[in-house]
Amino acid sequence: MSIRVVHLPASTPYARKLDGGGIEAVNGQTLPDGATVPAAVSARWLVEHRPLNWVDVVHLHHVEFEAIDDLERLLSECHDAGVHVVHTVHDLRAMFGSQEALEERFRMLAKADASWVALTPGAASEVDRVVGSPCRATVIPHGFVVHPDDVVSAARPHEARTRYLLFGATRPNREQLATVVNWSLATRPEDSLHLLMRGISPAHLADRDDVYRVIDTTRNDSRIDVTMRGYPTDTEIMTAAHAADVLLLPYLWGTHSGQLELAFDLGLLPVVSRVGYLHQQHERIRDLVEEPVWFNWTDGNPYAFGERFVKALQAVPDRAEQRSPWDHRAFAEFRRSEHEEILAAHVAVYEVPA
């Protein structure tokens, strides 16, 4: 019998792939009371649909989105119903609220004896420091973003120009404005940039003008193509990636990167800031993928970002010229095998008694 798991939320590629191999994701299923479990389910929704006798595990992914009171009530309901709580630490630094509020949620989970999953060894060690107690997080790597069977072809034409891709939400840990401005001024006339953006919410515009300045820059450079989507689908992301050579990952901070794994999956050359534990993601499979173009601005000098990012951009043409043909089939076979191990590792975590 499969372990019934509700992912909170289940809308990300990471959560969507945790289905099968002894795991039954219940997001999207209809409950006995006629309600359908949303993909973007919330703690409040789960509490409102108690008793939680229709699920074995609540897998939390982004607790920063949950109100403290709602999270506390959910943990109490899970305890009463014998539902196991698992938390994957995607971010160790607050993305949308205060660091204090995020760590308060972490301590609440530790007090509730939740099981912890980290995506890199460095993050697992950091969890204990942030929480202030040994959580003994299980390290399970990120794995593929795009299913190997969905990668139709990674072949790219050899061209003199370089095609860049920058995509994702307007988050405070991604430096979009400086990235777009530097790209516009530092790259060759024949190069191009596709900016695939997620919908901009009022919160993104509050007391900020960088979004407007990004828009102005894109309008003044005909080489930049902008696509706006509410939430780009896997197909749209893959289509954009197949039409690119280089993926720009200008993180100001972060624990890991699903976009870096996407570059590995599709054979893109990543230009990425050396923050968090992204280097551990590469080290784990360095014999199977090429070395990213790293740039490091994490010495505390905010004025160094532009200089170092431009140097990384200047290194791209030579790296692109020297790249070996991408053997997607060999890497896809590795990803399939890895995926089975990732599912088995999650089953082992889920089976720990609540």
Side-chain angles (χ1 to χ4, degrees), residues 9 11-15 60-66 87-106 118-120 122-123 126-127 129-130 142 145 164-183 195-215 217 231-232 237 246-263 270-282 292-309 312-313:
S11 52
T12 66
Y14 180 92
L60 303 171
H61 294 279
H62 296 289
V63 295
E64 196 174 4
F65 294 151
E66 305 300 327
H87 176 227
T88 292
V89 187
H90 293 276
D91 297 301
L92 282 160
R93 181 172 170 183
M95 196 74 67
F96 301 101
S98 70
Q99 184 67 18
E100 180 181 0
L102 177 62
E103 293 183 10
E104 181 180 358
R105 288 164 172 78
F106 284 177
L119 283 75
T120 61
E126 185 73 3
V127 167
R129 187 196 66 78
V130 171
H142 191 291
V145 175
Y164 295 78
L165 173 64
L166 173 65
F167 78 92
T170 305
R171 290 183 175 179
N173 76 322
R174 297 173 185 163
E175 182 47 77
Q176 290 183 324
L177 176 59
T179 299
V180 173
V181 170
N182 280 309
W183 183 92
L195 185 59
L196 177 58
M197 301 182 69
R198 280 179 55 181
I200 299 172
S201 299
H204 296 131
L205 304 177
D207 301 320
R208 293 173 56 184
D209 64 354
D210 56 324
V211 175
Y212 299 104
R213 293 159 70 189
V214 167
I215 295 171
T217 302
Y231 196 120
I237 292 173
V246 176
L247 181 61
L248 299 178
L249 304 175
Y251 293 106
L252 299 176
W253 75 84
T255 304
H256 75 283
S257 171
Q259 290 201 23
L260 181 58
E261 297 290 351
L262 179 76
V271 175
V272 56
S273 51
R274 190 184 288 271
V275 299
Y277 308 105
L278 275 66
H279 64 284
Q280 292 184 347
Q281 290 181 260
H282 172 257
V293 177
W294 299 100
F295 62 96
N296 190 351
W297 70 282
T298 57
D299 61 357
N301 181 359
Y303 296 97
F305 175 91
E307 173 188 344
R308 295 173 183 177
F309 178 65
L313 287 177

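If you read the sequence from its start, that first residue is 1, and numbering goes on from there.
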Quiz prompt | Beyond-backbone contact of Val214 with Leu195, side-chain heavy atoms, under 4.5 angstrom | solution = yes
Quiz item: With sequence neighbours excluded, what pairs up with Asp91 under the side chain to side chain contact (heavy atoms under 4.5 Å, CB included) test?
Solution: His62, Met95
Quiz item: Does any N or O in the side chain of Asn173 come within less than 3.5 Å of the main-chain N or O of Gly254, such that one atom is a donor and the other an acceptor?
Solution: no
Quiz prompt | Check: Leu248 and Leu165 side chains under 4.5 Å, non-hydrogen atoms | solution = no
Quiz item: Who pairs with Ala263 by side chain to side chain contact (heavy atoms under 4.5 Å, CB included), at least two apart in sequence or on another chain?
Solution: Leu247, Leu268, Pro270
Quiz item: Going by the angle between their ring planes, with limits at 30° and 60°, are Phe295 and Phe309 parallel, tilted or perpendicular?
Solution: perpendicular
Quiz item: Looking at CG of Leu278 and CG of Leu249, how far apart are the two atoms once the value is rounded to the nearest 0.5 Å?
Solution: 7.5 Å
Quiz item: Can you name the closest pair of heavy atoms from Tyr251 and Ser257 and give their distance?
Solution: OH-OG, 2.7 Å
Quiz item: Below 4.5 Å, heavy atoms only, C-beta onward: do Leu177 and Val180 meet side chain to side chain?
Solution: no
Quiz item: Would you say the side-chain atoms of Glu103 pair up with the backbone N or O of Ala94, donor to acceptor, closer than 3.5 Å?
Solution: no
Self-check item: Smallest separation among heavy atoms of Phe96 and Glu64, with atom names
Solution: N-OE2, 2.7 Å
Quiz prompt | Any Phe305 side-chain heavy atom under 4.5 Å of Ser273 side chain | solution = no
Practice problem: Hey, could you give me the CZ/CZ distance between Phe65 and Arg105, rounded to the nearest 0.5 Å? | Solution: 11.0 Å
Practice problem: May I have the step-by-step check of side-chain contact (heavy atoms from CB on, under 4.5 Å) for Val63 and Phe106, ending in yes or no? | Solution: CA-CA 8 Å; Val63 295; Phe106 284 177; 4.0 Å; yes
Quiz prompt | Rounded distance (nearest 0.5 Å) linking atom CG of Leu92 with atom CG of Leu102 | solution = 7.5 Å
Exercise. Please name the pair of heavy atoms, one in Val271 and one in Ala312, separated by the smallest distance, quoted to 0.1 Å.
Key: CG1-CB, 3.9 Å
Quiz item: How are the rings of His279 and Tyr277 set relative to one another: parallel (under 30°), tilted (30 to 60°) or perpendicular (over 60°)?
Solution: tilted
Quiz item: With Arg213, which residues qualify under salt bridge (Lys or Arg N to Asp or Glu O under 4.0 Å), at least two apart?
Solution: Asp209
Quiz item: How are the rings of His256 and His142 set to each other: parallel, tilted or perpendicular (split at 30° and 60°)?
Solution: tilted
Exercise. Not counting sequence neighbours, which residues clear salt bridge (Lys or Arg N to Asp or Glu O under 4.0 Å) with Glu175? List them please.
Key: none
Quiz item: With side chains defined as the heavy atoms from C-beta onward, is the minimum distance between His87 and Val89 less than 4.5 Å?
Solution: yes
Quiz prompt | Any Leu119 side-chain heavy atom under 4.5 Å of Tyr14 side chain | solution = yes
Practice problem: Please round to the nearest 0.5 Å and tell me the distance separating atom CZ of Arg93 and atom CG of Leu252. | Solution: 8.0 Å
Practice problem: Using the test side chain to side chain contact (heavy atoms under 4.5 Å, CB included), find all partners of Glu307 that sit at least two apart in sequence or belong to another chain. | Solution: Lys311
Quiz item: Of the non-hydrogen atoms in Gly306 and Asn182, which two are nearest, and what is the gap between them?
Solution: CA-ND2, 3.8 Å
Self-check item: Ala15 versus His61, closest heavy-atom pair with distance
Solution: CB-NE2, 3.8 Å
Quiz prompt | Minimum side-chain heavy-atom gap Pro292-His282 below 4.5 Å | solution = yes
Exercise. Could you grab the distance from atom CE of Met197 to atom CG of Leu166, nearest 0.5 Å is fine?
Key: 8.5 Å
Quiz item: Does Gln281 reach the main-chain N or O of Leu260 with its side chain, forming a donor-acceptor pair under 3.5 Å?
Solution: no
Quiz item: How would you list, by chain and number, every residue that makes a side chain to side chain contact (heavy atoms under 4.5 Å, CB included) with Pro232, sequence neighbours excluded?
Solution: Leu196, Arg198, Arg229, Glu236, Ile237
